[in-house]
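These notes are about the structure you will find just below.
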Number of protein chains: 2
Amino acid sequence: MTTKEIIFEKALILFAANGYTATSIRNICSEVGIKESSFYNHYKSKDMLLDAIFESFNNALLSKALSDEQLDLLTTQFTLKEMLLNGLKQYIGIWENPTASQMWFVVSMEQYRNSKAGHIVIDESKRRILRTAYTFELFQKKGKMKQGDPLTLANLYSFSIRSLHLDYGLKKLYNNDPEQSWKSMQEVCNLFCNHWEL
Amino acid sequence: MTTKEIIFEKALILFAANGYTATSIRNICSEVGIKESSFYNHYKSKDMLLDAIFESFNNALLSKALSDEQLDLLTTQFTLKEMLLNGLKQYIGIWENPTASQMWFVVSMEQYRNSKAGHIVIDESKRRILRTAYTFELFQKKGKMKQGDPLTLANLYSFSIRSLHLDYGLKKLYNNDPEQSWKSMQEVCNLFCNHWEL
DNA sequence: GTCTATATTGCGATAGAC
DNA sequence: GTCTATCGCAATATAGAC
């Protein structure tokens with residue numbers, strides 16, 4: 001690992017735990033084991049480091065999106081319930097991945113005061129809904145799901161799961177019964193499929 | 001208005017716009033028109049000021065919760081759709097109220113690094129779901145709503161609306177088509193009622 | 001690429017006069 | 001309750017030797 005990568009990693013941990021503004025370059029360098037002046041050989045400023053984290057997070061999100069072709073294949077091979085339950089498992093898995101969950105925390109904390117973070121959240125939300133809507137559309141075309149506006153169905157299902165997902169992450173942080181949120185996610189999924197699956 | 005109230009108001013504006021840590025007592029006092037030393041005649045520390053904001057926010061949330069008796073009356077007088085649509089209007093109204101929306105922003109930003117903020121969010125989420133579940137239970141008892149586990153139905157509906165509500169606030173902040181989220185909220189409400197209202 | 005040393009600014013908080 | 005003055009410290013960032 002290069003020094004730049006270690007800076008990135010340690011900064012992410014500290015930003016996630018204490019927030020960007022409350023974390024000093026001194027804190028980060030102390031964790032890395034270098035002097036503050038060395039920091040500037042790797043990042044132009046503290047702000048550029050935050051931007052690098054945002055960019056890395058956004059790229060990770062974009063790379064996870066399923067293509068139209070992949071969705072076409074999956075909606076043929078699996079039932080609606082199988083596909084949604086599998087989606088839930090992947091979604092919740094974020095909170096078992098330290099780097100991914102730290103990035104979520106940092107972006108979530110910054111979203112109201114940093115427009116880059118804000119737009120990452122807005123775009124991710126929109127992308128998630130549109131991919132779900134397209135999935136529902138494919139299931140409907142294949143006669144595996146009841147008819148109805150795919151976008152509204154996606155809004156109902158996907159936004160509900162999104163809230164529960166955020167709840168899970170927050171509760172996990174404070175050791176406040178996150179498993180209840182995971183159970184609710186599965187129950188919502190079952191309820192939804194019982195009503196719309198064919 | 002007392003000086004203490006003006007400090008509270010100006011601090012809330014600055015915390016919401018720039019975050020708690022990035023806002024200095026100097027910034028606040030400059031807005032209020034007093035010297036920093038005078039600040040300490042009203043609040044023991046910057047942290048105590050933040051606590052006061054949290055407490056005020058939590059009290060406002062608690063005071064808005066409808067009692068069992070009120071819910072019993074409302075579920076008799078109104079249809080499911082009327083009641084949910086009215087709930088949406090009140091919910092979205094938060095973003096038209098500067099103080100309320102500023103408090104939401106501050107608590108949202110702090111939720112991952114300040115346990116008081118974190119527990120306010122966790123509790124608010126739980127309270128909202130439980131009140132909705134009880135409302136559905138009453139509608140079911142009165143034969144105005146299809147049977148089904150009220151808690152799971154509340155999770156599906158209320159968490160979906162919650163996400164859309166947060167989306168609205170964030171999009172409004174960045175002038176990024178918030179009305180689309182409001183339309184989605186109404187569509188989700190209609191879809192839900194079309195399926196579960198009797 | 002790392003270090004020592006330093007510049008400059010801003011921070012939260014306090015003492016004590018009025 | 002407000003002010004002036006100040007303390008002690010930590011912040012980001014830079015210069016220049018090795």
Side-chain angles (χ1 to χ4, degrees), chain A residues 1-56 102-103 105-107 109-110 112-117, chain B residues 1-57 102-103 105-107 109-117:
Chain A
M1 257 181 125
T2 66
T3 303
K4 186 167 186 172
E5 287 167 339
I6 300 173
I7 290 173
F8 185 99
E9 183 193 68
K10 299 295 185 187
L12 184 56
I13 293 169
L14 290 168
F15 289 168
N18 309 315
Y20 169 72
T21 315
T23 302
S24 66
I25 293 175
R26 221 166 275 195
N27 293 153
I28 299 165
C29 292
S30 152
E31 286 293 315
V32 175
I34 56 170
K35 297 294 170 189
E36 293 119 80
S37 51
S38 298
F39 173 90
Y40 296 93
N41 280 316
H42 305 285
Y43 292 98
K44 260 196 174 178
S45 68
K46 196 186 164 192
D47 247 326
M48 289 295 118
L49 169 56
L50 183 62
D51 279 353
I53 288 175
F54 288 159
E55 203 192 324
S56 167
Q102 282 152 12
M103 285 185 173
F105 283 162
V106 174
V107 171
M109 282 191 273
E110 294 298 316
Y112 298 108
R113 53 185 293 274
N114 180 307
S115 75
K116 276 180 194 161
Chain B
M1 258 183 123
T2 67
T3 303
K4 187 168 186 172
E5 287 166 339
I6 300 173
I7 291 173
F8 185 98
E9 184 194 67
K10 299 295 185 186
L12 183 56
I13 293 170
L14 291 169
F15 290 168
N18 310 314
Y20 169 73
T21 315
T23 303
S24 67
I25 293 177
R26 226 161 271 201
N27 293 152
I28 299 164
C29 292
S30 154
E31 285 293 313
V32 175
I34 57 170
K35 298 293 170 187
E36 295 118 80
S37 52
S38 298
F39 173 90
Y40 296 92
N41 280 316
H42 306 285
Y43 293 99
K44 261 197 174 177
S45 66
K46 196 186 165 191
D47 248 326
M48 288 296 116
L49 169 57
L50 183 61
D51 279 353
I53 288 176
F54 289 160
E55 204 193 323
S56 166
F57 181 64
Q102 283 153 12
M103 285 185 173
F105 284 162
V106 174
V107 171
M109 282 190 272
E110 294 299 314
Q111 67 182 317
Y112 298 109
R113 55 184 293 275
N114 180 305
S115 75
K116 275 179 193 161

Practice problem: Under 4.0 Å between any heavy atoms, over every strand shown, what does A:T21 touch: base, sugar-phosphate, or nothing? Just pick one. | Solution: nothing
From CD of B:E5 across to C1' of D:dG1 the rounded distance in Å is 15 Å
Side-chain N,O (A:S38) to OP1/OP2 (C:dC3) below 4.0 Å: yes
When rounded to the nearest 0.5 Å, the distance separating NZ of A:K46 from OH of A:Y20 is 5.0 Å
Value for CG (B:L12) from OG1 (B:T23), rounded to nearest 0.5 Å, stands at 10.5 Å
| query | Any side-chain donor paired with an acceptor under 3.5 Å for A:S24 and A:N27? | reply | yes
Here the distance between atom P of D:dG1 and atom CD1 of B:I7, to the nearest Å, is 10 Å
Quiz item: At under 4.0 Å, does any side-chain N or O of A:S24 touch on OP1 or OP2 of D:dA11?
Solution: yes
All N/O contacts under 3.5 Å from nucleotides 13-17 of chain D to the protein, with atom names and distances to one decimal?
from: D:dA13; atom 1: OP2; to: A:Y40; atom 2: OH; distance (Å): 3.3
from: D:dA13; atom 1: OP2; to: A:K46; atom 2: N; distance (Å): 3.3

Between the OG1 atom in B:T3 and the NE2 atom in B:H42, the distance rounded to the nearest 0.5 Å is 4.5 Å
Rounded to whole Å, CG of B:L49 lies from C1' of C:dG12 at a distance of 13 Å
Correct closest heavy-atom pair for A:S45 and A:Y40 would be CA-CE2, 4.3 Å
Separation of C:dA13 atom P from B:H42 atom NE2, nearest Å, is 15 Å
Scanning both residues in full, the closest heavy-atom pair of B:F39 with B:I34 reads N-CD1, 4.1 Å
Between OH of B:Y43 and P of C:dT14 the distance, given in whole Å, is 17 Å
A:N27 atom CG is separated from D:dT12 atom C1', nearest whole Å, by 13 Å
